[in-house]
Amino acid sequence: QMSIQFLHTLPSVVWSAAIPLQLYPGLRKMAPRLHRLSGYAFSLAAAMMMIGFWIIDRKGLYYYKTDFPGIDEHAYLTRFPMLLGGIPHAETFQVTAIWFALTLILAVFYARKKNFAAHRNFIYRHIGAGIWVALQRWYVFFICSLGFTGNTPRDQKMNFGDGALFSLGFTIVGAEVAIWLASKKRTNGHAK
């Protein structure tokens, strides 16, 4: 799927590379133009990623449907059926994609309004809605390489599914914690 590589995978590299340029406060102060330009690249890459996701979604190219042809698509989605078994994967990814787009739109809106605290908060949320994919890959790598699970296709499918859901939950909550810490730091800074 060449279109997915150019409209989802490749832009995700640009998006990920721009994250430090968006988050590092010293750069924003020392080189606001670079921060703004990297923000344009970040936003354009995110828009392209959403087009790529739309293609993935429309074609039904979810891991549990395409990567494991010998296993029923609804079987072996998780090692933790009591905890994660009822979570519908496609719908979870669709809602996450909508949140990914909405948080970016709101971040840009607040930047243009010069409400930089709200802009920062929605950038954190936007990153949380997208960076889970990288964390999921690390989860799968470590869970397999450290021998916590087998390496059969069933194991791989469960590892991928669990990694997606755990990572998504972790990064969404992590974004809210980052917002809370930033607001606390800002409040403490004003109090002194």
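For this chain, numbers begin at 1 and follow the sequence in order.
Residues F42 and V108 have side chains not in contact (no heavy-atom distance under 4.5 Å, counting atoms from C-beta outward). For the pair L10/V14, no side-chain contact is recorded, criterion being any heavy-atom separation below 4.5 Å from C-beta on. Put simply, the side chain of V133 reaches to within 4.5 Å of the side chain of R137, judged on heavy atoms. In this structure, the side chains of I172 and W132 stay at 4.5 Å or more apart for every pair of heavy atoms. Looking at heavy atoms from C-beta onward, N115 lies out of side-chain contact with F122 at the 4.5 angstrom threshold. Residues H89 and F93 meet the side-chain proximity criterion, which asks for heavy atoms closer than 4.5 Å. Looking at heavy atoms from C-beta onward, Y124 lies in side-chain contact with L23 at the 4.5 angstrom threshold. Looking at heavy atoms from C-beta onward, Y139 lies out of side-chain contact with F160 at the 4.5 angstrom threshold.
Of all the heavy atoms in S16 and P20, the pair that sits closest is O-CD, 3.5 Å. Nearest heavy atoms, Y110 versus A118: CG-CB, 3.5 Å. Closest heavy-atom contact between L104 and A46: CD2-CB, 3.5 Å. A18 approaches S38 most closely through the heavy-atom pair CB-O, 4.0 Å. Between W99 and A129, the closest heavy-atom pair is CD1-CB, 3.7 Å. The shortest non-hydrogen separation linking H126 to F100 is ND1-O, 2.8 Å.
Note: F68 CZ to K157 NZ = 7.5 Å, rounded to the nearest 0.5 Å. Residue I19 holds its CD1 atom at 4.0 Å from CD1 of I131, rounded to the nearest 0.5 Å. Between R154 atom CZ and T149 atom OG1 the span is 14.0 Å, to the nearest 0.5 Å.
Cluster partners of F170, using a side-chain heavy-atom cutoff of under 4.5 Å among ILVMFWY residues and allowing indirect links, are L135.
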Please tabulate, one pair per line, all N/O donor-acceptor pairs under 3.5 Å involving side-chain atoms of residues 79-87, not counting sequence neighbours.
{"residue": "R79", "atom": "NE", "partner": "N159", "partner atom": "OD1", "Å": "3.3"}
{"residue": "R79", "atom": "NH2", "partner": "D155", "partner atom": "OD1", "Å": "2.9"}
{"residue": "R79", "atom": "NH2", "partner": "N159", "partner atom": "OD1", "Å": "3.3"}

Pair up each side-chain donor or acceptor in residues 48-57 with any protein partner under 3.5 Å, not counting sequence neighbours, and list the distances.
{"residue": "D57", "atom": "OD1", "partner": "Y62", "partner atom": "OH", "Å": "2.3"}
{"residue": "D57", "atom": "OD1", "partner": "Q94", "partner atom": "NE2", "Å": "2.7"}

Check: Step by step, would you call H119 with I123 a side-chain contact (heavy atoms from CB on, under 4.5 Å)?
Finding: CA-CA 6 Å; H119 167 69; I123 285 294; 3.7 Å; yes
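The closest donor-acceptor contact from the side chain of Q156 to the backbone of N151 lies under 3.5 Å. For the pair H35 (side chain) and L21 (backbone), a donor-acceptor distance under 3.5 Å is present.
Residues I4 and L44 share a single hydrophobic cluster, defined by chaining ILVMFWY side chains whose heavy atoms lie under 4.5 Å apart. Clustering ILVMFWY residues whenever any of their side-chain heavy atoms sit less than 4.5 angstrom apart, transitively, puts V173 in a cluster other than the one holding I179. Placement of F116 and L37 in two distinct hydrophobic clusters is found when ILVMFWY residues are connected by side-chain heavy-atom separations under 4.5 Å, directly or transitively. Taken together through direct or relayed side-chain contacts under 4.5 Å among Ile, Leu, Val, Met, Phe, Trp and Tyr, I143 and L146 form part of one hydrophobic cluster. Follow the hydrophobic side-chain contacts under 4.5 Å out from F166 and you reach F141 in the same cluster.
The side-chain hydrogen bond (donor to acceptor under 3.5 Å, both in side chains) test applied to E73 returns no partner, not counting sequence neighbours.
Counting only residues at least two apart or on different chains, the side chain to side chain donor-acceptor pair (under 3.5 Å) pairs with a member in residues 162-180 are T78-D162, R125-E176. Applying the salt bridge (Lys or Arg N to Asp or Glu O under 4.0 Å) test to pairs two or more places apart or on separate chains, none has a residue in residues 24-50.
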